[in-house]
Amino acid sequence: MPQIDELVLDPPFNVTRASHVVLNVRDLNASRQFYTELVGLVVSDEDDSAVYLRGLEERGHHSLVLRASSEATCASIGMRVRNEEDIYQAQDYFAEQGKTAALVDVPYQGLTLRVSDDVGVPLELCASMEPRERMLKQYQHYHGASAQRLDHYQLQVSDVRKAWWFYQMLGFRVSEYTYSNIKEMQHLWGVWLQRKGNPHDIVFTQGPGPRLHHFAYTLPDSNDMIRACDVAGALGYASSLERGPGRHGISGALFLYFRDPDGHRIELFNTHYQHIDLEPALGWDLADPKRADQWGLPAQNKWFTEATSFADVAVTQPEIRVDPPTLERFLALANDG
């Protein structure tokens with residue numbers, strides 16, 4: 001079995017970062033208003049069936065796609081690769097693994113490959129996008145939270161190790177992880193994996209899955225987090241604030257979490273650190289409450305139980321649930337037994 005600090009420095013193709021997420025939403029206009037007026041994203045293009053949005057510092061056409069649908073699900077998450085050659089190398093690699101990987105035409109994207117990872121998450125690997133104006137210095141367009149760029153995804157999966165091994169072979173590195181010791185055996189509860197040099201592009205934690213727990217956008221500074229809360233209150237989104245403000249132990253980021261009109265969860269945050277050098281991953285005992293919030297504020301139970309399903313992907317239950325009440329009971333029984 002691979003170890004947390006084992007590195008694949010010559011992966012079969014080059015993933016560069018988290019790229020875009022595609023959400024199915026029931027009310028396209030309501031979702032558009034939430035993401036433009038509260039989150040502060042910019043509309044790149046739209047029609048009656050879809051809205052394409054980007055952050056203020058993003059040059060690529062979109063990092064969030066909203067699609068009109070009768071159900072609230074996630075269609076896919078996206079990763080950028082270095083160039084088109086990486087797409088063809090990825091197609092060959094997945095064929096060798098016995099996976100179905102199809103080249104597809106996607107609006108406003110260059111060469112794109114669709115495949116599912118080993119835990120069933122639908123992925124889009126994208127080599128390029130149509131460019132749009134970077135709005136970073138167009139301060140007259142800053143409003144709401146002034147979201148800058150998509151940073152990462154967090155997913156619940158029934159088998160964290162299986163997910164970790166898949167992405168480790170693609171050159172992803174673990175920056176931090178959570179564990180517990182049960183009868184002298186270490187159980188892995190979560191892994192924070194990255195390609196772009198900060199703590200994470202994709203996170204896997206144990207739970208019924210695969211499901212999208214949240215996707216995250218960076219903000220300019222902490223003042224924008226307070227502004228986001230004020231704007232949420234003014235626009236009637238106060239009840240959509242699910243968690244925060246707070247500061248994570250893992251990654252050290254200041255954070256807010258909102259639920260959009262369909263219940264999709266978005267994180268707004270700042271203050272990541274760099275994870276560029278080849279350094280050991282940081283492990284957190286799951287019993288340490290500071291891993292989740294340095295200020296000691298507990299999450300609501302729905303934080304552990306609610307997430308967005310992927311369209312047409314079955315949800316599998318893990319052997320052990322990760323919510324704190326169940327964990328407490330399990331550890332007590334396991335360690336006493």
Side-chain angles (χ1 to χ4, degrees), residues 1-21 63 77-83 85-87 89-90 93-94 97 99 113 115-119 121 123-127 149-157 159-180 186-206 209-210 212-218 248-253 255 267 269-286 288 291-292:
M1 289 185 180
Q3 301 299 310
I4 285 288
D5 289 324
E6 287 186 24
L7 303 178
V8 176
L9 299 179
D10 188 21
F13 57 94
N14 192 345
V15 177
T16 59
R17 62 176 179 87
S19 172
H20 60 284
V21 58
S63 55
I77 60 172
M79 295 286 179
R80 281 291 287 268
V81 299
R82 179 178 49 192
N83 55 37
E85 181 61 28
D86 288 291
I87 293 288
Q89 290 172 348
Y93 171 79
F94 290 126
Q97 304 296 312
K99 288 185 170 295
L113 185 73
V115 68
S116 292
D117 69 16
D118 283 351
V119 290
V121 177
L123 296 174
E124 279 190 359
L125 302 178
C126 173
R149 61 173 172 80
L150 179 73
D151 184 79
H152 66 267
Y153 320 107
Q154 181 166 320
L155 293 91
Q156 285 190 343
V157 294
D159 190 333
V160 172
R161 286 185 180 273
K162 192 174 184 180
W164 158 45
W165 294 341
F166 176 89
Y167 287 89
Q168 184 186 52
M169 294 306 296
L170 304 185
F172 284 73
R173 291 163 44 202
V174 179
S175 60
E176 307 195 35
Y177 63 97
T178 57
Y179 68 92
S180 61
Q186 189 176 91
H187 185 80
L188 189 64
W189 292 98
V191 287
W192 278 248
L193 295 151
Q194 65 88 9
R195 283 292 291 168
K196 66 180 178 297
N198 69 14
H200 45 332
D201 285 279
I202 193 165
V203 178
F204 294 99
T205 60
Q206 185 164 299
L212 177 66
H213 186 270
H214 69 263
F215 58 101
Y217 277 84
T218 62
H248 288 310
I250 297 173
S251 84
F255 65 82
E267 178 183 15
F269 79 100
N270 66 359
T271 62
H272 262 347
Y273 63 86
Q274 288 186 334
H275 191 267
I276 298 172
D277 299 332
L278 303 184
E279 59 192 52
L282 175 63
W284 291 80
D285 191 319
L286 197 68
D288 184 350
R291 79 190 188 286

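Index from 1, following the sequence.
By the 4.5 Å heavy-atom criterion applied to side chains, His152 and His214 are counted as neighbours. In this structure, the side chains of Phe172 and Trp192 stay at 4.5 Å or more apart for every pair of heavy atoms. With a 4.5 Å cut-off on side-chain heavy atoms, His20 and Cys126 count as touching. Side-chain contact check for Val203 versus Leu193: every heavy-atom pair is 4.5 Å or farther apart. Using a 4.5 Å heavy-atom cutoff, the side chains of Asp118 and Trp165 are not in contact. Ile77 places none of its side-chain heavy atoms less than 4.5 Å from the side chain of Glu124.
To the nearest 0.5 Å, atom CZ of residue Phe269 and atom NE2 of residue His248 are 9.0 Å apart. A distance of 8.0 Å separates CZ in Arg161 from NE2 in His187, rounded to the nearest 0.5 Å. To the nearest 0.5 Å, atoms OG (Ser180) and CD (Gln206) are separated by 9.0 Å. Between atom CZ of residue Arg17 and atom CD1 of residue Ile202 there is a gap of 14.0 Å, rounded to the nearest 0.5 Å. A distance of 10.5 Å separates OG1 in Thr205 from CH2 in Trp189, rounded to the nearest 0.5 Å. Atom CG of residue Leu9 and atom CG of residue Leu278 lie 6.0 Å apart, to the nearest 0.5 angstrom.
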Determine, step by step, whether Arg80 and Val15 satisfy the side-chain contact (heavy atoms from CB on, under 4.5 Å) criterion, reporting the C-alpha distance in whole Å, the side-chain angles of both residues, the deciding distance to 0.1 Å, and the verdict.
CA-CA 6 Å; Arg80 281 291 287 268; Val15 177; over 6 Å; no
Might you work through the side-chain contact (heavy atoms from CB on, under 4.5 Å) test for Val8 and Leu170, ending with a clear yes or no?
CA-CA 7 Å; Val8 176; Leu170 304 185; over 6 Å; no
List the steps, then state whether ring-ring contact (aromatic ring centres under 6.0 Å, His included) holds for His200 with His272.
CA-CA 9 Å; His200 45 332; His272 262 347; 4.7 Å; yes
Does the pair Tyr177 and Phe204 meet the rule for a ring-ring contact (aromatic ring centres under 6.0 Å, His included), with working shown?
CA-CA 9 Å; Tyr177 63 97; Phe204 294 99; over 10 Å; no
Determine whether Lys162 and Val119 satisfy the following criterion, side-chain contact (heavy atoms from CB on, under 4.5 Å), listing intermediate values before the conclusion.
CA-CA 7 Å; Lys162 192 174 184 180; Val119 290; 4.1 Å; yes
Run Leu150 and Phe215 through side-chain contact (heavy atoms from CB on, under 4.5 Å) and show every step you take.
CA-CA 8 Å; Leu150 179 73; Phe215 58 101; 4.1 Å; yes
Determine whether Lys99 and Asp117 satisfy the following criterion, salt bridge (Lys or Arg N to Asp or Glu O under 4.0 Å), listing intermediate values before the conclusion.
CA-CA 9 Å; Lys99 288 185 170 295; Asp117 69 16; over 6 Å; no
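The backbone N or O of Leu212 sits nowhere less than 3.5 Å from a side-chain atom of Gln154 that would complete a donor-acceptor pair. Between the side chain of Ser19 and the backbone N or O of Met79 there is no donor-acceptor pair closer than 3.5 Å. Remark: the backbone N or O of Gly171 is paired with a side-chain donor or acceptor of Arg195 at under 3.5 angstrom. In this structure, Tyr153 contributes its side chain and Gly78 its backbone to a donor-acceptor pair below 3.5 Å.
Nearest heavy-atom pair, Pro12 versus Met169, reported as atom, atom and distance to 0.1 Å: CD-O, 3.3 Å. Shortest non-hydrogen contact noted between Gln168 and Gln3 is NE2-O, 3.2 Å. Between Ala281 and Ile4 the shortest heavy-atom distance is CB-CG2, 3.5 Å. Here the closest heavy-atom approach between residue Val81 and residue Leu125 is recorded as CG1-CB, 4.3 Å. The two atoms that bring Asp201 and Ala18 nearest to each other are OD1-N, 2.9 Å, heavy atoms only. Taking both residues in full, the closest heavy atoms of Asp86 and Asn14 are given as OD1-N, 2.8 Å, listed atom of the first, atom of the second, then distance.
In Asp288, the CG atom is crowded: over 12 heavy atoms of neighbouring residues, nucleotides or ligands sit closer than 6.0 Å. Within 6.0 Å of CD on Glu279 lie more than 12 heavy atoms contributed by other residues, nucleotides or ligands.
Side-chain contact of Tyr217 with Asp151: a donor-acceptor pair under 3.5 Å is absent, judged by distance alone. Gln156 and His213 are not linked by any side-chain donor-acceptor pair at a separation below 3.5 angstrom, with hydrogens and angles left out of the test.
Under a 4.0 Å N-O distance rule, the pair Arg173/Asp5 does not qualify as a salt bridge.
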